[in-house]
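A quick write-up on the structure given underneath.
Everything quoted here is computed from the prediction, not taken from an experiment.
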2 protein chains.
Amino acid sequence: MNSISPTQGDTKQRILDSAEYLFAQNGYRGTSLRAITGKADVNLAAVNYHYGSKDGLLEEVIKRRLLPLNRTRMQRIDAVRQKARERGNKPDIRAVLMAFIEPTLLFKESTPEAGTFVTFIGRSMTDPDDTVRRVFQRFIMPLFQILFETTCEALPRLPRDIVLWRLHFTLGSLFHTLNICGKFSTDDIEYINTRLDADSLLALIIPFVTAGMKA
Amino acid sequence: MNSISPTQGDTKQRILDSAEYLFAQNGYRGTSLRAITGKADVNLAAVNYHYGSKDGLLEEVIKRRLLPLNRTRMQRIDAVRQKARERGNKPDIRAVLMAFIEPTLLFKESTPEAGTFVTFIGRSMTDPDDTVRRVFQRFIMPLFQILFETTCEALPRLPRDIVLWRLHFTLGSLFHTLNICGKFSTDDIEYINTRLDADSLLALIIPFVTAGMKA
DNA sequence: ATCGATTTCAAACATATGTTTTAATCAATC
DNA sequence: GATTGATTAAAACATATGTTTGAAATCGAT
């Protein structure tokens, strides 16, 4: 059935990989099916055959990586929450933010493919195209709710709406960072090393957003 | 003359206004010349006649509002720098950030048209489309350099590359905020008032980024 | 009113897009 | 080895796009 055939069974996979790469580089609207199938070296009609439509392909591209990543982030947040509950005190805000951000950056540097996908995340959260934004936000919404609640627990003296805004500021910083690091040409940004590893990036962003949260 | 006549006169202007609105709502790639001319109620060929091409129109849309806005921001930053120099001490980081962010938010609420344009800014800094990003970054680069230098003066104990990163985090927060506030449908973000005025937004974002900068 | 320049208009152009169709190919089953 | 079902291939389809064209309309000044 869906087992990998030896000769040509990887058509579906190759489409997924090419689409992921091109979506990250040129955006959803800026990537044509012909560009995808050309890069994947498969027939044009294969996309509609295997995924129904370009939108269907987009959804699969996102699902493949975002679901596992979100599972990891969810577990990390739950762990922080659980540990705090056991100890009878509130979660540490720095730990909460780490639980969300570190898996993202680690995932980014896990493989080159994952890296291009994370770039795609950064760009898509603010994509003018509803198609892209909706798919992403649909997948990230439950996770964001948990993150929000946990952050409120960590900062019980802050009004919830302020926590929410600061969380958005944090996401803005993170996504913009993912964006910068996804640039292939660095001619537009001077003096900045956009090829930092996850640990270095984490060491830069965590103090910033933690301080902002506690302000 | 300048009387409102459907046949003559302000064609060029009406194209500019319609393009600004539609670019902000659907992005550059997602907006067709036919949509623009249809909304402006002018002939399709008018865009190429008055602006040469769609790219030419984009540049004029950006220039019209971004040049004055950047002039204001530049003056504010210069003023902070000047005052500090007169007093013989370093600029206050909060004042520096205010000098950049406040004019942006004030401009945003000055008129509905300016508001939609600022939305366009927020989206375009990370637009996958090179065409859009390049135009914006070309216009904002000199300003960003001054902002960077002034921020370094305000935080002389921080290494320059860390200042630069934190400045990017700040821009990320700001742009993401502009984005959220530009949403026409709020169904994807819960519990957040995306229609705050400039002062309220400023009161939210300034403490966050100031604390992050000083972390 | 007339002339020349500018602007508007309808139509066509050339290309690009996502999708569908129909036939060929392949792998496994009987 | 023929049959069957799933996959691939080449072509066409329908529509959308930015741009150009040439004629009509409009305007400003003589």
Side-chain angles (χ1 to χ4, degrees), chain A residues 1-23 25-62 124 127-132 134-135, chain B residues 1-23 25-62 124 127-132 134-135:
Chain A
M1 286 302 181
N2 47 6
S3 67
I4 300 98
S5 304
T7 50
Q8 298 258 344
D10 54 347
T11 299
K12 243 183 126 172
Q13 202 77 352
R14 288 220 304 282
I15 291 174
L16 221 49
D17 293 335
S18 299
E20 177 176 75
Y21 180 82
L22 291 172
F23 285 166
Q25 190 154 21
N26 307 321
Y28 179 68
R29 269 239 161 77
T31 304
S32 69
L33 290 185
R34 282 166 181 82
I36 295 171
T37 53
K39 180 176 168 58
D41 197 33
V42 302
N43 189 270
L44 170 62
V47 170
N48 290 279
Y49 176 77
H50 284 290
Y51 296 101
S53 66
K54 193 186 177 186
D55 281 15
L57 171 60
L58 173 69
E59 177 135 353
E60 289 305 315
V61 166
I62 295 174
S124 298
D127 200 299
D129 192 329
D130 282 347
T131 313
V132 182
R134 285 223 183 101
V135 178
Chain B
M1 284 301 206
N2 45 10
S3 66
I4 315 296
S5 142
T7 52
Q8 168 60 11
D10 51 348
T11 299
K12 238 182 129 174
Q13 202 77 352
R14 286 222 305 283
I15 290 174
L16 221 48
D17 293 335
S18 299
E20 177 176 76
Y21 179 82
L22 292 172
F23 285 167
Q25 189 154 19
N26 307 321
Y28 180 68
R29 269 240 162 78
T31 304
S32 70
L33 290 186
R34 282 166 181 80
I36 294 170
T37 54
K39 179 175 170 58
D41 196 32
V42 302
N43 188 270
L44 169 62
V47 170
N48 289 278
Y49 176 77
H50 285 289
Y51 297 101
S53 65
K54 192 186 178 185
D55 281 15
L57 172 60
L58 172 70
E59 177 135 353
E60 289 305 315
V61 166
I62 295 175
S124 298
D127 199 300
D129 191 329
D130 281 348
T131 313
V132 183
R134 285 218 183 106
V135 178

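Within 4.0 Å of B:Ala46, counting heavy atoms only, lies no atom of the nucleic acid at all. Looking at heavy-atom distances under 4.0 Å, B:Thr37 makes no contact with the nucleic acid at all.
Between the CG atom of A:Leu22 and the C1' atom of C:dT17 there is a distance of 15 Å, given to the nearest Å. Atom CG in A:Asp41 sits about 11 Å away from atom P in D:dA10, given to the nearest Å. Taking atom OH of B:Tyr49 as the reference point, atom P of D:dG18 lies 21 Å away to the nearest angstrom. Atoms CG (A:Asn26) and C1' (C:dA16) sit 15 Å apart, rounded to a whole Å. Atom CG in A:Leu33 sits roughly 15 Å away from atom C1' in D:dT15 (whole-Å rounding). Taking atom CD1 of A:Ile15 as the reference point, atom P of D:dA9 lies 10 Å away to the nearest angstrom. Spacing between atom OH of A:Tyr51 and atom P of C:dT19 amounts to 14 Å, rounded to whole angstrom units. Remark: C1' of C:dT8 and CG of B:Asn43 are 6 Å apart, rounded to the nearest angstrom.
Of the listed nucleotides (D:dG18, C:dA10, D:dA12), D:dG18 has the atom at the smallest distance from the side chain of B:Arg34. The side chain of A:Asn48 approaches C:dT19 more closely than any other nucleotide in the set D:dG18, C:dT19, C:dT8. Distance from the side chain of A:Leu44 is smallest to C:dT19 among C:dT21, C:dA12, C:dT19.
Side-chain atoms of B:Asp129 and B:Thr131 include a donor-acceptor pair closer than 3.5 Å. There is a side-chain donor-acceptor pair under 3.5 Å between A:Tyr28 and A:Asp55.
For the pair B:Lys12 and B:Tyr51, the cation-pi test (distance below 6.0 Å, angle within 45°) is passed.
Closest approach of B:Glu59 and B:Val135 over heavy atoms only: CA-CG1, 4.3 Å.
Remark: A:Ser32 is in phosphate contact with C:dT17, judged by side-chain N or O atoms under 4.0 Å from OP1 or OP2. Considering only side-chain N and O atoms, B:Thr11 lies under 4.0 angstrom from the phosphate OP1 or OP2 of C:dT8. A:His50 has no side-chain polar atom (N or O) that falls below the 4.0 Å cut-off from OP1 or OP2 of D:dA6.
Of the two residues contacting DNA chain C, namely A:Gly52 and A:Gly30, the nearest-nucleotide position lying further toward the 5' end is that of A:Gly30.
Of the residues listed (A:Thr31, A:Val132, A:Ile62), the one engaging A:Phe23 in a side-chain contact (heavy atoms from CB on, under 4.5 Å) is A:Thr31, and it is the only one.
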